[in-house]
Colleague: 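Below you will find the structure I want to go over with you.
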Amino acid sequence: MSELHFDVVGAEGPKRYFSALTPERLAHAYLFTGPAGVGKKTFARRLAQSLLCTAPKEGVLGYDGTCASCKLFGAESARHPDFLEHEGALKIGDPDAAMGFHEGDGLSSRDIVRQLSMQSYSGGLRVLLLGDIDFATPAAANALLKFLEEPPRGVVMVLTTAAPGRVLPTIRSRAVEICFSRLSNAEVRDVLDRLQVEGSDADLAASLSGGSVGRALATLEGEEESLRTHVVRWFFESVGGKSPESSWATRETLDEGLETIKTLVRDWIVASGGDGVALVSIDSAERLRTLKPIEPGAAVAQIASTAARSSGSLSGARR
Ligand SMILES: [Zn+2]
């Protein structure tokens with residue numbers, strides 16, 4: 001019997017859940033929920049490959065990577081005729097359109113219903129992955145809902161979302177919900193390794209990722225760099241006793257900015273303790289170590305008083 005793989009970092013809970021399933025007990029729809037960038041779609045693709053792999057196995061997880069079916073799940077995009085994948089907002093589709101199968105972003109609710117109502121290509125299961133599920137129109141949602149109410153045999157649907165509250169309750173109630181949690185920084189680093197992102201940049205991105213590979217990649221691409229640069233400057237100026245300019249703080253950036261401040265305060269306290277606990281903001285480690293050692297309560301009080309001073313000067317300026 002060939003060796004089986006299931007190459008997914010983290011996701012221990014979902015792995016345990018699917019490892020305990022037999023093919024007979026598979027549901028027809030799963031909703032993968034959890035923060036963005038933690039590997040929900042990757043898990044769904046590996047699950048699809050497992051379900052379509054022809055290697056003999058007792059459960060549902062695992063693929064040999066060598067059978068004809070596995071070969072259609074290439075490194076980049078899967079082209080297995082029994083695997084349909086779509087990401088983001090789903091349109092209703094043209095009722096008379098020709099079958100737009102595996103042709104870029106053309107997949108619509110109607111395409112899905114048409115495709116999945118036909119016989120499977122290989123005589124086994126057919127798997128549908130709707131990543132970051134969203135519907136362009138109510139009609140698109142209704143078409144899929146009708147399908148979910150009476151799915152044909154042998155179809156497994158996996159929907160993923162970071163915002164389960166936005167998924168229609170009627171759709172949510174028809175799927176088995178599987179929760180994904182944040183990765184550890186070491187797991188994020190492991191994924192970056194596999195993506196061949198190396199060096200000190202990758203260490204920093206993993207450290208600042210908050211357990212999301214997506215966020216680590218955004219850091220690496222510099223998308224979050226400018227906000228972070230502003231907030232780090234604000235932090236060091238404020239703990240240095242100045243009243244720094246806080247124009248980085250807008251409704252859109254506040255959550256992200258406060259997250260950075262939280263991490264910096266935590267690191268300041270850790271650096272003060274000197275008990276060898278690792279710093280998160282490794283790009284600011286040297287500056288943090290030059291700060292006056294501080295107790296947790298005093299650190300929070302100082303940040304709060306700076307924040308009060310800067311908001312005072314801001315509202316003063318507006319008047
Ligand atoms: Zn295989």
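Every number for a ligand or one of its atoms is a count from 1 in the order of the listing.
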Colleague: Restricting to salt bridge (charged side-chain N to carboxylate O under 4.0 Å, His left out), what partner residues turn up for R194, sequence neighbours left out?
Modeller: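 So R194 forms a salt bridge (charged side-chain N to carboxylate O under 4.0 Å, His left out) with D7, D190.
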
Colleague: Let's test this: below 2.8 Å, count the protein N/O/S atoms around the Zn ion (ligand 1).
Modeller: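 Step by step: take the Zn ion (ligand 1), keep protein N, O, S below 2.8 Å, and you get 4.
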
Colleague: Anything under 30° is parallel, anything over 60° is perpendicular, the rest tilted; go ahead and classify Y30 against Y17.
Modeller: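 The rings of Y30 and Y17 stand perpendicular, inter-plane angle above 60°.
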
Colleague: Hydrophobic cluster membership, with links at side-chain heavy-atom distances under 4.5 Å among I/L/V/M/F/W/Y: are V113 and Y121 in one?
Modeller: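 No, no single cluster joins them.
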
Colleague: Does R182 CZ have over 12 foreign heavy atoms under 6.0 Å away?
Modeller: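 Incorrect, the count does not exceed 12.
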
Colleague: Mind telling me whether F83 and F73 have parallel, tilted or perpendicular rings, with 30° and 60° as the class edges?
Modeller: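 Plane angle between 30° and 60°, so tilted.
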
Colleague: Which pair of non-hydrogen atoms, one from C53 and one from S69, has the smallest distance, and what is that distance?
Modeller: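 Residues C53 and S69, closest heavy atoms: N-OG, 4.0 Å.
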
